[in-house]
Amino acid sequence: MAAQRFRVLPGFGLTMGFTLFYLSAIVIIPIAALFLKSFQLSWADFWRVVTTDRAMAAYKLTFGASLIAALINAIFGTILAWVLVRYTFPGKKFIDALVDFPFALPTAVAGLTLSNLFAGNGWLGQFLVPLGIKGAFTPLGVIIALTFVGMPFAVRTLQPVLENLDRGVEEVAATLGAGRLRTFVKIIAPTLLPTIITGFALSFARAVGEYGSIVFISGNKPFQTEIAPYLIVFRLEEYDYLGATAIAAVLLVISFVILAVINYLESWAGRYQR
Amino acid sequence: MSIELKSVSKQFGEVAAVNNVTFSVNEGELLALLGPSGGGKTTVLRMIAGLEVPTEGDIYIRGQRVNDIKVQKRNIGFVFQNYALFQNMNVFKNIAFGLKIKKWKSADIKARVRELLELLGLEGLDKRYPHQLSGGQRQRVAIARALAPKPSVLLLDEPFGAVDAKIRQELREWLVRLHHDLNVTTLFVTHDQEEAMEVSNRIVIFSRGNLEQIGTPRDVYEQPANEFVARFIGVMNVLELEVFKNVGRAGELQFPAPGYADGERIRIGFRPFSVQISSDLNQFPYQAVVRQTYFLGVMLRLELELESGLLLRSRMSKEEYANLALYDGKKVSLQIRNYRILSREHEPLGPELTAPEKSSLFVGEGI
């Protein structure tokens, strides 16, 4: 036996016990129940329910739009975080507070606002629709809404890391003759990449789970603008509980796999860091 | 002349970080920029590098005015206190970074990096990432990276600040050797006067943005230009005297102070080794008690309390201490061999004076 280490604050047993209990009650048991419920279907039935053309279209839209939205957030969120950390300008505090807005706003309100804005007679829609850019009741609308709700995740994840970035590294690169672009591409970007990926993952996870804002802006047309979470609700409204849980289980598995891949990417990007 | 600063000033908003500084550095010199923190020494280093733009004045590197030359084009090597290594690159890529920018051929880069790894004792570490290195190794990588493109001058900001005392001593010696081998003009910033004295050929002393003195370690120690330097370099006893009939007094201590008016207050200073001690109470004019002894290795520092309560610091070798059979609480007699009249800060100092032996006997007779 190794000698017991002295701890100022004992309580590993208590906190670990609580953690396990909490995780079980909040996460593991509901997910297990979901799977068990969907296993009441035979494999053939399950496969049939989850691979209908309508379901396939819904997965494609949900994950496709979420990936695109997360990507947009990763890029513009990085720029936004950069501006907020590196520069001082009038109204900076206000813009900084504005970033949290999508966190706080009920998503249904966001959806309503966005669909009004981008509809053919809306503020932006009246100019964009004649140009062929239809922001409401189209997959594009879904992407817009998902970008909106995911944006703060990308910004808030990156901000503290950017603040701690050592300016000396940039200065030393300059003394060695490196211009701004090279310094950014070779030194700053690789250092930030793991965090950008984390922000991407959070934004993506948020987008996959998003429901409230999409219902309004997408129009929920089957095969076109119907997202998987909406399909689940639709099945529930038909009292097809098994069908709903089966699709939910598929969503869960795909999300899990994608998040695992992102996690791997993250550790790969951060391989040279502690 | 490798580097020249002519009337260089730097303002940060209202604050003058550097105030009308002029000095020059010889080719191949190892120069210390010394001063308390906030003295402006790091700002001077950064202005030479081009990381700060002087508000006024001109900077020359090898005869060329560099005020308008960007940091990227100045061909200087800069080593930060925290090393600022590129965490996402291994040791080889860190060192090769500047060479790639200068578009060296890959075979030349390999040869140069290998040469530096060998020179700095980093063989076999080229594939390691910075987080896999010790503090000393990181610093050497930072120096190798700065040296790789063969800069005309090497600038080091507090190079020994971030390591512990033992390694610091090794690094000092190592820096002297490295400088000897490479003979590249090197400037380093430090707040540690001992470090500056030990390592450099010459020292530039700053305080509050002003250049106080530039000179060899011996110059600044033996001929301090003003009170600040005298007090900053080494240990000094400082006393305030009140002059009466050409004699300055502090407690029972008396010093000839010719040329000062009655009632004038002057400050004098003397080094600890100027305090001469005898265990014979009658040998020297003043009586004191040994209050505290500090062992500094070969040397000892003593705190002596005079009868009037004045405290003086003295310094002696272990042998002397043993010969005098001293211990804390022992009564001794002492005299002050020589001292310097300190004027106000930033004013030139007078020459060192020799205090006449048994001064108290003569003082009354009006010297």
Side-chain angles (χ1 to χ4, degrees), chain A residues 74-75 78 81-82 85-90 92 157-201 262-274, chain B residues 42 45-46 48-52 69-91 93-104 127-133 138 141-158 162:
Chain A
I75 295 166
T78 302
W82 182 269
V85 171
R86 282 302 171 100
Y87 308 110
T88 24
F89 49 88
K92 175 174 166 168
T157 319
L158 193 58
Q159 250 174 334
V161 179
L162 261 178
E163 269 159 15
N164 289 329
L165 206 63
D166 179 10
R167 293 284 183 100
V169 169
E170 292 160 48
E171 292 184 334
V172 108
T175 64
L176 291 167
R180 285 179 208 173
L181 184 68
R182 186 193 293 261
T183 306
F184 186 82
V185 172
K186 293 279 182 184
I187 295 155
I188 298 176
T191 316
L192 296 181
L193 195 60
T195 320
I196 295 176
I197 294 175
T198 307
F200 173 85
I262 292 175
N263 231 315
Y264 172 77
L265 270 179
E266 216 179 298
S267 66
W268 169 80
R271 64 200 176 282
Y272 42 73
Q273 285 162 352
R274 262 144 292 202
Chain B
T42 295
L45 198 75
R46 290 173 61 86
I48 295 169
L51 295 169
E52 304 285 356
I69 295 180
K70 278 200 284 186
V71 50
Q72 282 91 346
K73 301 288 177 202
R74 286 201 191 180
N75 194 30
I76 47 100
F78 200 100
V79 178
F80 280 83
Q81 183 174 9
N82 65 356
Y83 317 139
L85 294 178
F86 305 138
Q87 299 291 334
N88 56 319
M89 298 182 192
N90 62 27
V91 169
K93 286 186 172 162
N94 263 282
I95 300 174
F97 188 80
L99 303 175
K100 281 201 180 135
I101 292 167
K102 297 222 156 58
K103 300 206 164 58
W104 282 35
K127 296 275 190 301
R128 296 263 187 100
Y129 282 91
H131 71 94
Q132 296 165 313
L133 301 174
R138 274 179 222 176
V141 173
I143 293 177
R145 180 179 61 181
L147 286 172
K150 304 192 171 165
S152 56
V153 37
L154 182 62
L155 306 170
L156 306 129
D157 189 5
E158 293 275 0

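No hydrogens, no waters, no symmetry mates; every other heavy atom, side chains included, goes into these values.
The contact between B/Leu85 and chain A is made entirely by backbone atoms, counting heavy-atom distances below 4.5 Å. In this structure, chain B has no heavy atom under 4.5 Å from any part of A/Arg167. At a 4.5 Å heavy-atom cutoff, the contact between B/Phe97 and chain A is made by side-chain atoms alone.
Under a cut-off of 6.0 angstrom, the local environment of CZ in A/Arg180 is sparse, with at most 12 non-hydrogen atoms contributed by other residues, nucleotides or ligands. The number of heavy atoms from other shown groups lying within 6.0 Å of NZ (B/Lys70) does not exceed 12.
In terms of heavy-atom pairs under 4.5 angstrom with chain B, the leader among A/Val169, A/Leu193, A/Asp166, A/Leu176 is A/Leu176. Taking chain A as the reference chain and counting heavy-atom pairs below 4.5 Å, the highest number among B/Arg74, B/Arg145, B/Lys93, B/Lys102 is found for B/Arg145.
Judged by distance alone, the side chain of B/Gln72 and the main-chain N or O of A/Ala174 form no donor-acceptor pair under 3.5 Å.
With rounding to the nearest 0.5 angstrom, the OG1 atom of A/Thr183 is 7.0 Å from the CD1 atom of B/Ile101.
When all heavy atoms are compared, the tightest approach of A/Val172 to B/Phe78 is CG2-O, 3.6 Å. Pairing each heavy atom of B/Ala84 with each of A/Gly168, the nearest pair is CB-C, 3.7 Å. The two residues B/Met89 and A/Lys186 have their closest heavy-atom pair at CE-O, 3.7 Å.
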